[in-house]
Amino acid sequence: MRLYNTLTKREEELKLDKTVRIYVCGITAYDYSHIGHARSAVIFDTFRRYLEWKGHEVIYVQNFTDVDDKIVRRAVAENRTQKEVAEKFIAEYFKDMEALNVRKATYHPKVTEHISDIIQAVSELIKKGYAYEVGGENKDVYFHVPSFSHYGELSGMSLEELNRHRIEPDERKKDVKDFALWKAAKEEDIKAKAVFDSPWGLGRPGWHIECSVMAAKYLGIPFDIHGGGKDLIFPHHENERAQSYALHGIEPVRYWIHNDFVTIKGEKMSKSLGNIVKIRDVLQKYNGEVLRYFLLSAHYRSPIDYSEESIERAEKAYSALRNTLELIDMEIAAFKTFGGGEGAGELNDATSNLSANFISAMENDFNTPKAIASLHEFSTRTNKAVNKGLAGLEELENAFETFLSLCNVLGIFVDYQRVPVLSSELAELVKEREEARREKNFEKADRIREKLRERGYVLIDTPRGTRWKLV
Ligand SMILES: Nc1ncnc2c1ncn2[C@@H]1O[C@H](COP(=O)(O)OP(=O)(O)OP(=O)(O)O)[C@@H](O)[C@H]1O
Ligand SMILES: [Zn+2]
């Protein structure tokens with residue numbers, strides 16, 4: 001599989017062992033999640049599903065930032081604690097993710113549950129000469145950027161550009177680029193109960209150190225893949241790499257993978273711009289799988305623009321795939337109930353093309369829109385073959401299995417309920433009804449239709465005979 005690596009800035013052949021270790025930055029839990037957050041979650045969940053489908057074991061870690069300025073601000077405004085705010089939005093996040101078929105990670109570590117690991121890492125960075133303390137009773141600790149010679153390589157920023165970014169201004173810093181590993185407690189932090197005891201007094205971790213520490217703890221260093229939205233490349237991932245490299249003395253991550261944004265009228269969806277669409281707002285109107293399909297319908301390294309029209313288009317396309325799945329399944333159930341189904345093998349070619357094209361798209365920088373196009377090509381061909389009565393039982397079963405398993409790789413139709421084979425009693429009724437229709441006894445035909453509906457089946461009349469599905 002080839003993937004674009006942000007660190008080397010080119011596509012590379014992924015070299016993976018049987019076990020693949022992935023870390024993806026999670027949300028800062030201070031508000032409901034929007035569909036920009038959903039994109040990152042869905043893309044990396046799909047990546048995980050694909051690797052598992054290929055036979056890998058995936059250890060997947062996604063953190064929660066549960067202590068941070070924005071959480072503290074909200075807690076103080078609402079007279080609550082940091083923990084209360086974070087716990088609420090973590091629970092809401094899980095609800096949203098469930099609707100999108102985003103599986104739980106192997107581990108979902110939280111910052112507040114790793115304070116002692118973080119303190120240990122910060123102490124070590126000081127000991128190794130990469131970090132320094134400033135201040136009085138409660139101290140700040142900064143990472144000294146000039147002490148790490150590879151700084152800037154991930155984001156590809158020059159020293160000049162880096163010096164222009166005045167993050168965390170503090171005249172006590174030795175260099176403008178230095179960033180916080182540990183932050184001395186402020187009044188607000190104490191109010192929100194967001195402070196911890198440390199060798200530097202009361203305070204809390206800076207943002208970046210959490211990911212270095214939790215990734216190393218759950219995955220070991222180096223690990224295979226680090227993901228996140230592209231807004232995280234700088235400063236978050238640049239700083240994370242610096243910390244981990246300094247701590248472990250080696251390149252900490254083998255492949256850095258970043259997704260582009262969900263935009264709205266061409267602008268990044270973000271809380272600060274006030275143009276967000278919450279996941280749950282979309283779910284009011286659309287099935288979670290439709291939103292998921294929409295998010296996968298663009299290449300992960302291109303922006304995707306959300307609008308009412310674009311999600312509606314996704315819904316139509318999603319339904320077309322679902323209809324084909326059902327069409328195949330109904331045909332299988334009919335053959336299994338009534339016999340017949342010798343086909344000319346017309347579908348076998350469509351199925352093997354589907355497999356080949358889907359895999360080649362995914363292997364080529366995880367091209368989900370191309371993979372989706374291969375599903376639609378298959379769908380068109382299959383609809384034609386089935387409707388013309390050219391598809392036999394064996395080829396249909398083969399087509400069904402392949403099609404569903406590839407859709408499941410994308411995380412759609414994961415709870416698909418098979419169309420059942422009819423019991424001999426119900427099969428007899430269906431035959432009687434066909435007979436009644438031939439005799440133009442529509443009253444009887446309707447009575448039988450009603451009877452089957454009561455038993456949970458909807459009947460569909462086709463030129464090839466009766467088909468049915470679950471109500
Ligand atoms: N519009 C977006 N499109 C795609 N991914 C996004 C978008 N906004 C955030 N992400 C990604 O979602 C994950 C969680 O982000 P985080 O909680 O830091 O966002 P945030 O800073 O609270 O969001 P916002 O940008 O709205 O303030 C990160 O991987 C981030 O890159
Ligand atoms: Zn992170």
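Atoms within a ligand are numbered from 1 in the order they appear, just like the ligands themselves. Since we're looking at a predicted model, the values are computed, not measured. FYI, the numbering just counts along the sequence from 1.
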I'd like to know whether ligand 1 has I276 as a neighbour, heavy-atom separation below 4.0 Å.
no

Can you list the ligand 1 atoms lying under 4.0 Å from a non-hydrogen atom of G229?
29 (O), 31 (O)

Winner among Q62, H236, H37 once heavy atoms are compared against atom 9 (C) of ligand 1:
H37

Any N or O of K271 closer than 3.5 Å to N or O of ligand 1:
yes

Ligand 1 and K268, any nitrogen or oxygen pair closer than 3.5 angstrom?
yes

Return yes when A29 approaches ligand 1 closer than 4.0 angstrom through a heavy atom, no otherwise.
no

Is S40 touching ligand 1 with its side chain, its backbone, both, or neither, if touching means heavy atoms under 4.0 Å apart?
side chain

For atom 10 (N) of ligand 1, closest protein heavy-atom neighbour:
G36 O, 3.9 Å

Please work out whether the ring planes of Y318 and Y293 are parallel, tilted or perpendicular, with thresholds of 30° and 60°.
perpendicular

Using a 6.0 Å distance limit plus a 45 degree cone around the ring axis, check whether R301 lies over the aromatic ring of Y4.
yes

For the residue pair R204 and F196, would you count it as a cation-pi contact if the rule is NZ or CZ under 6.0 angstrom from the ring centre and within 45 degrees of the ring axis?
no

Side-chain heavy-atom pair V20, I225 within 4.5 angstrom cut-off
yes

So, do H114 and Y218 sit near enough that their side-chain heavy atoms are less than 4.5 Å apart?
yes

Report yes or no: does H34 have a heavy atom closer than 4.0 Å to ligand 1?
yes

What protein heavy atom sits nearest atom 31 (O) of ligand 1, and how far away is it?
D231 OD1, 2.4 Å

For atom 3 (N) of ligand 1, what is the closest protein heavy atom, and at what distance to 0.1 Å?
V262 N, 2.8 Å

With a cut-off of 2.8 Å, which protein N/O/S atoms are close to the Zn ion (ligand 2), if we only count those under it?
C25 SG, C211 SG, H236 NE2

Determine whether the side chain, the backbone, both or neither of L232 has a heavy atom under 4.0 Å from any heavy atom of ligand 1.
side chain

Quick one: does ligand 1 sit under 4.0 Å from the side chain of T28, the backbone, both or neither, non-hydrogen atoms only?
both

Any side-chain heavy-atom pair of F179 and K173 under 4.5 Å
no

Side chain to side chain donor-acceptor pair (under 3.5 Å) between D224 and Y23: does it pass, once the steps are laid out?
CA-CA 8 Å; D224 299 303; Y23 187 95; over 6 Å; no

When K268 is tested against each of D231, D260, T263, N275 for side-chain hydrogen bond (donor to acceptor under 3.5 Å, both in side chains), which residue passes?
D231

Check whether any N or O atom of R39, backbone or side chain, sits under 3.5 Å from an N or O atom of ligand 1, and answer yes or no.
no

Atom indices of ligand 1, in the order listed, that fall short of 4.0 Å to a heavy atom of M269:
1 (N), 2 (C), 8 (N)

What is the ring orientation for Y50 with W53, classed by angle as parallel under 30°, tilted 30 to 60°, or perpendicular over 60°?
parallel

Residue pair T368 / S297, side-chain heavy-atom distance below 4.5 Å
no

Measure the shortest side-chain to side-chain distance between K83 and V67 over non-hydrogen atoms and say whether it is less than 4.5 angstrom.
no

E92 vs S33, side chain to side chain donor-acceptor pair (under 3.5 Å): CA-CA, chis, key distance, verdict
CA-CA 8 Å; E92 299 296 344; S33 299; over 6 Å; no

Checking the N or O distance criterion of under 3.5 Å, is ligand 1 in contact with G228?
no

Just checking, K174 and Y142: is the charged tip under 6.0 Å from the six-membered ring centre and within 45° of the axis?
no

N259 heavy atoms, cut-off 4.0 Å: which ligand 1 atoms fall inside?
4 (C), 5 (N)

Please say whether the positively charged group of R418, taken as NZ for Lys or CZ for Arg, lies over the ring of F400, i.e. under 6.0 angstrom from the six-membered ring centre and within 45 degrees of the axis.
yes

With a 4.5 Å limit on heavy-atom distance, are the side chains of E11 and L3 in contact?
no

H56: which residues meet the ring-ring contact (aromatic ring centres under 6.0 Å, His included) condition with it, sequence neighbours left out?
none

Do any heavy atoms of K70 fall under 4.0 Å from ligand 1?
yes

Considering only heavy atoms of D260, which atoms of ligand 1 have at least one such atom less than 4.0 Å away?
4 (C)

N/O of I27 under 3.5 Å from N/O of ligand 1, yes or no?
no

